[in-house]
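The first residue of the sequence shown is numbered 1, and numbering continues consecutively from there.
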Amino acid sequence: MAGKPKLHYFNARGRMESIRWLLAAAGVEFEEQFLASPEDLEKLRNDGSLMFQQVPMVEIDGMKLAQTRAILNYIAAKYNLYGKDIKERALIDMYSEGVADLNEMIMHLPLCPPHEKDAKMTQIREKTTNRYFPAFEKALKTRISNLPPVKKFLQPGSQRKPPIDAKAIEEARKIFKF
């Protein structure tokens, strides 16, 4: 039997969180290798582990997968969570792309200049409330959080990461040099 998937990222939600959620929904235990310095990232780059020189990266089934959506698609297909036919997969892809759009807006907020934060937050709140949440709520109808493996992932002490804070932002800036 293959070992646990190994996730490479810094110790925060970011682009890896949706991967953690999907593994949790599949009931798959995983290990994490946190990047703690620019040297950790550089090592992955130098040993050829990062196709596009960036994380997240997941080691699974003898492969080193990069690019969030490629990783998600692989995991979903591997654990039969990618729909029963092409129409279901198309719906899943639409929701996945919506989540990706929402994540992009939210992930960039902590890096926004202070004088732009209020306007950016207003824009995010408006789009989230009027565009994204209604679509997600219609599809989910609260079912997902009641799945036993997801419920376990939501409990304290799981590998779920807390919301990003100033310390995590500084850690990311140090590692990724921005």
Side-chain angles (χ1 to χ4, degrees), residues 1-84 86 88-90 92-108 110-111 144-145 147-165 167-178:
M1 183 171 147
K4 295 177 184 177
K6 188 174 188 179
L7 286 51
H8 296 266
Y9 202 63
F10 73 109
N11 191 10
R13 287 182 179 179
R15 295 182 193 279
M16 188 63 85
E17 195 67 1
S18 58
I19 296 165
R20 291 182 188 105
W21 272 84
L22 187 56
L23 287 167
V28 175
E29 292 183 15
F30 55 90
E31 297 175 6
E32 296 189 83
Q33 180 68 49
F34 297 122
L35 303 176
S37 69
E39 292 78 21
D40 291 343
L41 180 59
E42 200 57 35
K43 182 181 182 309
L44 289 175
R45 287 176 174 158
N46 290 338
D47 73 13
S49 295
L50 305 177
M51 180 181 283
F52 297 105
Q53 305 300 309
Q54 62 195 25
V55 290
M57 187 268 285
V58 174
E59 293 183 62
I60 186 170
D61 296 339
M63 299 182 295
K64 293 181 179 182
L65 298 178
Q67 297 300 99
T68 305
R69 288 191 276 275
I71 296 166
L72 291 169
N73 289 345
Y74 182 84
I75 292 167
K78 177 179 173 73
Y79 295 104
N80 298 316
L81 297 173
Y82 200 24
K84 68 180 184 293
I86 195 166
E88 237 180 55
R89 285 190 297 278
I92 290 168
D93 288 343
M94 287 191 298
Y95 286 111
S96 296
E97 291 298 317
V99 169
D101 290 348
L102 185 56
N103 279 341
E104 284 299 314
M105 287 190 304
I106 293 169
M107 279 194 303
H108 289 112
L111 305 174
I144 301 301
S145 62
L147 294 172
V150 173
K151 199 172 207 168
K152 180 180 175 186
F153 183 68
L154 293 173
Q155 297 303 310
S158 77
Q159 290 175 295
R160 183 175 185 219
K161 302 298 172 223
I164 198 157
D165 59 12
K167 181 181 175 191
I169 291 169
E170 283 309 308
E171 181 180 332
R173 283 191 170 136
K174 178 182 77 173
I175 295 167
F176 301 110
K177 299 180 181 176
F178 59 77

Chemist: Output all residues satisfying side chain to side chain donor-acceptor pair (under 3.5 Å) with D93, sequence neighbours left out; order by chain, then residue number.
Modeler: Y82
Chemist: When E59 is tested against each of H8, K6, Q33 for side chain to side chain donor-acceptor pair (under 3.5 Å), which residue passes?
Modeler: H8
Chemist: Search all heavy atoms of I169 against all heavy atoms of P110 and return the closest pair with its distance.
Modeler: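 Closest approach of I169 to P110: CD1-CB, 3.0 Å.
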Chemist: Should I60 and L65 be marked as a side chain to side chain contact (heavy atoms under 4.5 Å, CB included) after you check the CA-CA gap, both sets of side-chain angles, and the distance that decides it?
Modeler: CA-CA 7 Å; I60 186 170; L65 298 178; 3.6 Å; yes
Chemist: Tell me, please, which residues at least two apart from R160 pass salt bridge (charged side-chain N to carboxylate O under 4.0 Å, His left out).
Modeler: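 Once residues adjacent in sequence are excluded, R160 has no partner under the salt bridge (charged side-chain N to carboxylate O under 4.0 Å, His left out) criterion.
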Chemist: Is it true that atom CZ of R173 has more than 12 heavy atoms of other residues, nucleotides or ligands lying nearer than 6.0 Å?
Modeler: yes
Chemist: Residues in side chain to side chain donor-acceptor pair (under 3.5 Å) with E171, at least two apart?
Modeler: none
Chemist: Counting only heavy atoms not in L111, do more than 12 fall under 6.0 Å of its CG?
Modeler: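 Check passes, neighbour count above 12.
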Chemist: Evaluate the side-chain proximity of I19 to L23: yes if any heavy-atom separation is below 4.5 Å, no if none is.
Modeler: yes
Chemist: Name all residues meeting the ring-ring contact (aromatic ring centres under 6.0 Å, His included) criterion together with Y74; count only those two or more places apart in sequence or in a different chain, and write none if there are none.
Modeler: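 Partners of Y74 under the ring-ring contact (aromatic ring centres under 6.0 Å, His included) test: none.
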Chemist: Please name the pair of heavy atoms, one in A24 and one in P149, separated by the smallest distance, quoted to 0.1 Å.
Modeler: O-CB, 2.8 Å
Chemist: If we only count heavy atoms from C-beta on, is the P56 to L7 side-chain gap below 4.5 Å?
Modeler: no
Chemist: Show, in sequence, the C-alpha distance, side-chain angles and deciding distance for R69 and E97, and conclude whether the side chain to side chain contact (heavy atoms under 4.5 Å, CB included) test is met.
Modeler: CA-CA 9 Å; R69 288 191 276 275; E97 291 298 317; 2.9 Å; yes
Chemist: To the closest 0.5 Å, what do you measure between CG (L22) and CD1 (I71)?
Modeler: 11.0 Å
Chemist: The criterion is ring-ring contact (aromatic ring centres under 6.0 Å, His included); which residues satisfy it with F176, sequence neighbours excluded?
Modeler: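 Once residues adjacent in sequence are excluded, the partners of F176 under the ring-ring contact (aromatic ring centres under 6.0 Å, His included) criterion are F10.
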Chemist: Do you know which two heavy atoms are closest between A26 and L81, and how far apart they sit?
Modeler: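 What the structure gives for the nearest pair is CB-CD1, 3.7 Å.
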Chemist: Who passes salt bridge (charged side-chain N to carboxylate O under 4.0 Å, His left out) against E39, sequence neighbours left out?
Modeler: none
Chemist: In terms of side-chain geometry, is the basic nitrogen of K4 or E31 positioned less than 4.0 Å from the acidic oxygen of its partner?
Modeler: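 No, no charged N to carboxylate O under 4.0 Å.
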Chemist: My understanding is that only residues two or more places apart in sequence, or in another chain, count here; which of them pass side chain to side chain donor-acceptor pair (under 3.5 Å) with K152?
Modeler: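 Expected list: none.
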Chemist: List in chain and number order the residues that pass side chain to side chain donor-acceptor pair (under 3.5 Å) with Q67, two or more places apart in sequence or in another chain; answer none if no residue qualifies.
Modeler: Q54
Chemist: Answer yes or no: is there a side-chain heavy-atom contact under 4.5 Å between N11 and K161?
Modeler: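 Yes, close enough: below the 4.5 Å cut-off.
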Chemist: Is there a side-chain contact between L72 and S18, using heavy atoms and a 4.5 Å cut-off?
Modeler: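 In contact.
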Chemist: Above 12 or not: heavy atoms from other molecules or residues under 6.0 Å from CD of E42?
Modeler: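 Counting other residues, nucleotides and ligands, CD of E42 exceeds 12 neighbours.
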Chemist: Which pairs with one or both residues in residues 11-34 pass ring-ring contact (aromatic ring centres under 6.0 Å, His included), sequence neighbours excluded?
Modeler: W21-F153
Chemist: Please answer whether the main-chain N or O of L154 pairs with a side-chain N or O of S158 as donor and acceptor at a distance below 3.5 Å.
Modeler: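 A pair under 3.5 Å: no.
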Chemist: Please list, chain by chain and in numerical order, all residues satisfying salt bridge (charged side-chain N to carboxylate O under 4.0 Å, His left out) with K84, sequence neighbours excluded.
Modeler: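 E88.
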Chemist: Got a sec, which pairs hit side chain to side chain donor-acceptor pair (under 3.5 Å) with one end in residues 44-53, sequence neighbours left out?
Modeler: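 Pairs touching residues 44-53 that pass the test: D47-S49, S49-K64.
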Chemist: Within a strict 4.5 Å, meaning less than it, do heavy atoms of the L50 and L41 side chains meet?
Modeler: yes
Chemist: Counting C-beta onward and ignoring hydrogens, is there a side-chain heavy-atom pair between V58 and M16 closer than 4.5 Å?
Modeler: yes
Chemist: Begin from the C-alpha positions of L44 and L35 and carry the test side chain to side chain contact (heavy atoms under 4.5 Å, CB included) through to its verdict.
Modeler: CA-CA 10 Å; L44 289 175; L35 303 176; 3.8 Å; yes
Chemist: State which residues pass salt bridge (charged side-chain N to carboxylate O under 4.0 Å, His left out) with R20; sequence neighbours excluded, sorted by chain then number.
Modeler: E17, E32
